[in-house]
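Beneath this line is the structure, given in structure tokens, with notes to follow.
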Amino acid sequence: MSALRLLFVAAAAFYVVVFIAQAARNWSVADQALVGTVLLVAVTALTWVRDELTLKRAEMVLLWVMVLGFLVYATAHALGMIA
């Protein structure tokens, strides 16, 4: 395992523990912690992809998920659905 992959896995594991700790202290953020954990695992899994085309497609999907997620958040905030 390369040092960079090991660093990614260690950082992802650390933040998953942080997500779990936050969810344990405040159950209202449990769904956000779950989404964060899933996205973190997906991004970390990208470091193991060898096929360039698959990697490019996965990166584009994750990029659009982030862009559209921000758009949904901004729209909900502008409409007063969230503070």
Side-chain angles (χ1 to χ4, degrees):
M1 181 184 298
S2 73
L4 190 57
R5 281 188 188 146
L6 181 61
L7 183 64
F8 279 140
V9 171
F14 171 77
Y15 279 107
V16 166
V17 170
V18 170
F19 286 151
I20 291 170
Q22 289 294 319
R25 294 187 74 204
N26 185 0
W27 279 103
S28 66
V29 299
D31 54 344
Q32 297 169 17
L34 178 64
V35 170
T37 300
V38 169
L39 288 174
L40 214 65
V41 168
V43 170
T44 304
L46 286 177
T47 63
W48 298 95
V49 174
R50 297 272 185 221
D51 182 32
E52 288 290 324
L53 183 59
T54 304
L55 180 61
K56 184 176 180 177
R57 286 182 180 161
E59 288 173 341
M60 291 306 295
V61 166
L62 285 173
L63 177 67
W64 279 108
V65 165
M66 288 185 282
V67 168
L68 294 175
F70 181 75
L71 179 65
V72 168
Y73 170 78
T75 303
H77 183 70
L79 294 175
M81 297 170 74
I82 56 176

Value rounded to 0.5 Å, distance of CG in L55 from CZ in R50: 11.0 Å
Pairs involving residues 58-78, ordered by first then second residue, that meet side chain to side chain donor-acceptor pair (under 3.5 Å) (sequence neighbours left out): none
Hey, can you pull the donor-acceptor pairs under 3.5 Å for the side chains in residues 6-17, sequence neighbours left out?
none

Those residues that, when tested against T54, pass side-chain hydrogen bond (donor to acceptor under 3.5 Å, both in side chains) (two or more places apart): D51
same_hphob_cluster(V49, L62) at 4.5 Å side-chain heavy-atom cutoff: yes
Listed pairs under 3.5 Å, donor-acceptor, residues 18-34 side chains, sequence neighbours left out:
| from | atom 1 | to | atom 2 | distance (Å) |
| --- | --- | --- | --- | --- |
| N26 | OD1 | S28 | N | 3.3 |
| N26 | OD1 | S28 | OG | 2.7 |
| N26 | ND2 | S28 | OG | 3.4 |

Approximate separation, where rounding is to 0.5 Å, of M60 CE and K56 NZ: 7.5 Å
Members besides M81 in its Ile/Leu/Val/Met/Phe/Trp/Tyr cluster (side-chain heavy atoms under 4.5 Å): L79
